[in-house]
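Positions are given from 1, in the same order as the sequence printed here. What you see below is based on every heavy atom in this structure, not just the backbone, and it leaves out hydrogens, waters and symmetry mates. On a predicted model such as this, the values are computed, not experimentally measured, just so you know.
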Amino acid sequence: MTIKALIVDDDKDFLETLAKRMQKRGIKVSTPEPATVAMILLEKESYDAVLIDLMMPEMTGIEALQTINFLGTTL
């Protein structure tokens, strides 16, 4: 079984580095930009793990978690 992870961060260098490291370990990684696109993905797909930056310009990590909870998304 392949593990699926969603990483949401506005720091592109960090995002790219973390995604590459996870992919080397066999994890399927999605890195949507901006955070609002991640919320759309969460409505359509399920993930085993979601990593969210708390300080982003368009949506804070807390707002993202509240949206995920509102959507009733099961991680």
As an exercise, state the distance from CD of E16 to CZ of R21, rounded to the nearest 0.5 Å. 13.5 Å

Spell out, yes or no, whether L41 and V29 are grouped together once hydrophobic residues are joined by side-chain heavy atoms under 4.5 Å, including indirect joins. no

Would you confirm whether E58, through its side chain, and A35, through its main-chain N or O, come within 3.5 Å as a donor-acceptor pair? yes

Can you tell me how far apart CD (E63) and OG1 (T36) are? Round to the nearest 0.5 Å. 11.5 Å

Kindly give the heavy-atom pair with the smallest separation between M56 and I52, and that separation in Å. CE-CG2, 4.0 Å

Can you list, pair by pair, the side-chain donor-acceptor contacts under 3.5 Å of residues 1-15, counting residues two or more places apart and other chains?
| unit_1 | atom_1 | unit_2 | atom_2 | d |
| --- | --- | --- | --- | --- |
| K4 | NZ | E45 | OE1 | 3.2 |
| K4 | NZ | S46 | O | 3.2 |
| D9 | OD1 | D11 | N | 2.8 |
| D11 | OD1 | D13 | N | 3.2 |
| D11 | OD1 | F14 | N | 3.2 |

Hey, mind stepping through Q23 and K28 against side chain to side chain contact (heavy atoms under 4.5 Å, CB included) and telling me if it holds? CA-CA 6 Å; Q23 289 167 344; K28 184 179 177 186; over 6 Å; no

Just by modelled atom types, is the I40 backbone N or O under 3.5 Å from a matching donor or acceptor in the E43 side chain? no

If you group Ile, Leu, Val, Met, Phe, Trp and Tyr by side-chain heavy-atom gaps below 4.5 Å, do L51 and I27 land in one group? yes

